[in-house]
Structure formats: structure tokens, C-alpha cells
Amino acid sequence: MAAPASLVKRAVALLAGRRLPACVLSREPLVVAAFWEDFVEHKEALLAAVAAAPHALFVFQFGWHKTQADAARIAALANEVSAAHPRLSLLFLANTLAELQALTSLGLSAAHCHQNAFLDERRYPLHRVVPRADAIYVARIAPFKRHELAAQIPALELVGAYTEHDAPHFRKLRALMPLARWRRRVRGPFMSKAMARARVGLCLSAEEGAMFVSAEYLLSGRPVVSTRSLGGREVLFDPDTSLLVEDSASAVAAGVRELAGRQLDPALVRAKVLAKMAPHRERFVDAIQAHFTRVGAPAPARWQRLFLHKLGLRCGLGPVPLFTRSLIPGEATPPGK
């Protein structure tokens with residue numbers, strides 16, 4: 001257990017906002033999760049925070065679709081980091097098999113572990129409510145989200161904020177879809193109920209990351225209409241509960257009518273995506289166990305402790321995980337349990 005003075009120092013650092021964009025999954029040996037993009041931006045601080053820990057492992061997710069050219073740039077920086085920190089291991093979690101092949105072809109350690117497999121399904125309970133909308137689209141108001149493809153849906157719910165830069169785009173969308181019900185945000189505990197009040201969830205971007213909300217719809221018991229995209233969101237889709245449609249407002253509206261007409265059991269929708277998530281979680285456990293074995297560490301007593309919601313990244317954490325799992329500059333490990 002950490003000394004009281006270090007606990008106070010840690011609390012002061014957290015209150016001051018000195019939390020690095022990473023989450024500690026294990027202390028002995030040290031395993032830290034981070035988005036690769038955040039690691040690149042905060043590389044020196046993150047490396048300094050784990051420098052004193054023997055056999056540390058960084059587990060990286062991707063916030064955006066990666067090409068072979070991207071993989072080459074990732075490999076160049078990863079090799080540079082590994083050469084400078086020989087006791088540090090790097091593991092990349094690929095959202096698609098194409099990303100996996102691109103990474104492993106360059107000698108990087110990687111596993112096909114979709115980011116949406118780390119959504120905590122307990123946060124998305126099923127709700128017995130009568131849908132009031134044909135479809136819901138939870139996405140920030142930005143051009144790449146292509147909200148205009150939902151323009152022909154009669155009863156539409158929009159949830160998403162916008163930046164000052166995108167304010168003109170928002171005004172255009174409101175003029176295009178004046179009857180759509182728009183909310184800037186829905187707080188996390190109420191998101192599954194908001195999704196349940198629509199018959200179908202929408203995913204309309206052409207390229208981004210794996211899009212957490214694509215699986216959040218499904219966990220909330222709502223089927224998904226999606227355009228084809230780069231980023232990997234379709235990896236957890238099931239043909240019984242999801243439709244891929246062409247990039248037109250008429251095709252999106254037709255897809256919504258078809259899926260809504262199926263009147264799918266929300267429990268079935270949820271069960272299908274949980275079944276898709278399971279092998280990704282298993283591969284993650286296998287990859288972490290392999291690292292523990294390499295460094296001579298015993299397996300964790302409770303593997304489920306590794307499965308923090310979204311691996312603790314880019315999301316709100318409760319008071320206990322915030323205090324125990326945060327990575328603070330200049331501190332190799334958080335305090336003991």
C-alpha cells in the first residue's frame with residue numbers, strides 16, 4: 001500500500017488535472033492502455049511515467065482508421081521507442097484484419113481486438129419503452145459524420161454537439177431537417193434509454209475509427225443501419241441485426257424502414273453483438289497472458305479487472321478507478337489496492 005504522503009500527492013495531482021491520457025490495467029507487471037494518437041502527442045511524459053517499472057507493457061488502440069502507409073509510420077516510431085526503452089513492450093490492438101496484417105507485416109506485436117469489445121455491457125441495459133422515433137443518430141455535428149444522409153427519415157433523433165467552427169454546418173443541417181429532434185448531449189447513464197426510444201441506430205460516416213456508438217446501439221437492443229466505411233465498425237455487425245446501405249438518403253431511409261419492419265427482439269440484438277465481442281476479449285486475455293508469461297509474472301487472479309469500460313480511455317471513470325488507474329506524470333504505478 002502506498003504511503004499516506006504519496007496518496008495525498010496523487011490526489012492533489014488529480015485535482016489539478018495532471019492525469020495523462022492513459023489507463024493502468026495492471027500494476028505488477030505494469031500494463032498501460034492508451035490510444036496511439038494520444039501516445040504520440042504525449043510520448044515523453046508517458047514514457048517518463050513508466051520508465052522505472054520493469055517489464056512495462058503499453059497496449060495501444062487506434063482512434064482512426066489506419067492504412068499500410070500509416071502502419072509504416074507507426075512502426076518507425078515504435079522501433080525508435082523500443083530501441084530507447086528495451087525493457088518496454090508494445091502491443092497494438094487492431095480493429096480490422098487489414099490493420100492487423102499491416103502491423104504484423106512490419107514486425108509489430110498486434111492482436112485483432114476490436115475497441116468496441118471493451119464496452120461494459122452493464123452500462124447499456126435494455127429498456128421497455130415505446131419507440132417514438134424511426135431512427136437515432138448519436139454523432140457530433142461535423143461534416144464527416146454525413147448527417148445529411150438521414151434527411152429522408154420522417155421521425156429522426158439527433159444527439160451531438162458541435163464546435164464553433166462547425167456552427168455553419170449545423171445551421172445547414174437544421175434547415176435541411178427542420179423536424180428532426182436534436183439534443184446536444186445525453187449523459188452516459190441515460191444513453192441506452194435514449195437509444196431505445198428509436199427503432200434503429202444510424203452510422204453514416206465514410207471513414208473514422210471503430211465508432212463506439214455503433215456497438216452501443218446494439219447493446220441497447222437497437223439494430224443498425226450503416227453506410228460502408230473504413231474504420232472497422234462493421235466487424236461486430238450481424239446480418240440479422242444490421243444493414244449496410246449505399247451512400248444516399250433514399251437508401252438510408254429504406255434501410256431504416258426494412259430494419260424497423262423486422263420488429264427484432266431487443267434481447268436478440270444485444271445477444272448477437274455480445275457473441276461477436278467475446279472472441280476479441282478472449283484474444284486480449286491471451287495477449288496479456290502471453291506477456292505475463294514472458295516476464296515470469298503470475299496470471300491475474302481476476303481477469304475481468306482488465307475489462308474497464310473502454311479500457312478506461314476517453315471516458316469518465318468512477319472515483320475509485322480514477323484514483324487507482326490514472327497515470328500521473330513522474331509516477332510509475334498507482335497506489336495499491
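The analysis underlying the following values was restricted to heavy atoms, covering all of them including side chains, and did not include hydrogens, waters or symmetry mates. Please read all numbers here as calculations on a predicted model, not as lab measurements. The residues of the chain are indexed from 1 along the displayed sequence.
Using modelled atom types, one side-chain atom of R222 and one backbone atom of A196 make a donor-acceptor pair closer than 3.5 Å. A donor-acceptor contact shorter than 3.5 Å is absent between the side chain of R197 and the backbone of A133. In this structure, E99 contributes its side chain and K66 its backbone to a donor-acceptor pair below 3.5 Å. A distance-only check finds no donor-acceptor pair linking the side chain of Y217 to the backbone of M195 [under 3.5 Å]. When atom types are taken as modelled, the side chain of E207 and the backbone of L230 share no donor-acceptor pair closer than 3.5 angstrom. The closest donor-acceptor contact from the side chain of D134 to the backbone of A155 lies under 3.5 Å. With hydrogens and angles ignored, the 3.5 Å screen pairs a side-chain donor or acceptor of H114 with a backbone N or O of G232.
Nearest heavy-atom pair, M277 versus L119, reported as atom, atom and distance to 0.1 Å: CE-O, 3.7 Å. The minimum heavy-atom distance linking L243 with G255 is given by the pair CD1-O, 3.7 Å. Contact detail for P223 and L218: the closest heavy-atom pair is CA-CD2, 4.2 Å. Shown here for N95 and H112, the closest heavy-atom pair between the two residues is O-NE2, 3.3 Å.
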Using the ring-ring contact (aromatic ring centres under 6.0 Å, His included) rule, take F62 and F60 through it: C-alpha gap first, then chi angles, then the decisive distance, then the call. CA-CA 7 Å; F62 295 122; F60 295 118; 8.2 Å; no
Assess whether side chain to side chain contact (heavy atoms under 4.5 Å, CB included) is satisfied between M177 and L158, documenting all intermediate values. CA-CA 10 Å; M177 300 179 284; L158 301 176; 4.3 Å; yes
Given side-chain hydrogen bond (donor to acceptor under 3.5 Å, both in side chains), test Y124 with E216 step by step and report yes or no. CA-CA 7 Å; Y124 307 93; E216 290 175 319; 2.5 Å; yes
Walk me through whether K310 and D120 qualify under salt bridge (charged side-chain N to carboxylate O under 4.0 Å, His left out). CA-CA 7 Å; K310 297 184 178 180; D120 184 347; over 6 Å; no
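Within 6.0 Å of CZ in R228 there are more than 12 heavy atoms belonging to other residues, nucleotides or ligands. More than 12 non-hydrogen atoms from other residues, nucleotides or ligands lie less than 6.0 angstrom from CZ of F144. By the 6.0 Å contact criterion, CD on E148 is enclosed, its count of non-hydrogen atoms from other residues, nucleotides or ligands being greater than 12. Annotation for R140: atom CZ does not count as buried by contact number, only 12 or fewer foreign heavy atoms lying within 6.0 Å.
Under the 30°/60° scheme for interplanar angles, the aromatic rings of H169 and H147 are found to stand perpendicular. Between W182 and Y162, the ring planes lie tilted relative to each other; the angle falls in the 30° to 60° range.
Both tests hold for R314 against F35: distance to the six-membered ring centre under 6.0 Å, angle to the ring axis within 45°.
Residues E121 and R270 are not paired through a salt bridge, judged by the lack of any N-O separation under 4.0 Å between the basic side chain and the carboxylate. A salt bridge between R132 and E157 is present, with a side-chain N of the basic residue lying under 4.0 Å from a carboxylate O of the acidic one. The existence of a salt bridge linking E37 and K43 is excluded, since no basic side-chain nitrogen approaches an acidic carboxylate oxygen closer than 4.0 Å.
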Distance-only check: which donor-acceptor pairs under 3.5 Å involve side-chain atoms of residues 73-86, not counting sequence neighbours?
residue : atom : partner : partner atom : Å
R73     : NH2  : D70     : OD1          : 2.5
N79     : ND2  : A75     : O            : 3.1
S82     : OG   : A78     : O            : 3.0

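S205 and R233 are linked by a side-chain donor-acceptor pair at a separation below 3.5 angstrom, with hydrogens and angles left out of the test. For the residue pair S192/H127, the side-chain donor-acceptor check at 3.5 Å is satisfied. Between the side chains of T227 and R146, at least one donor-acceptor pair of N or O atoms lies under 3.5 Å.
Hydrophobic clustering places F212 together with I141 (ILVMFWY residues linked when any side-chain heavy atoms are closer than 4.5 Å, directly or through intermediates).
Taking 4.5 Å as the limit, every side-chain heavy atom of K193 sits out of range of all side-chain heavy atoms of V186. Put simply, the side chain of V224 does not reach to within 4.5 Å of the side chain of V269, judged on heavy atoms.
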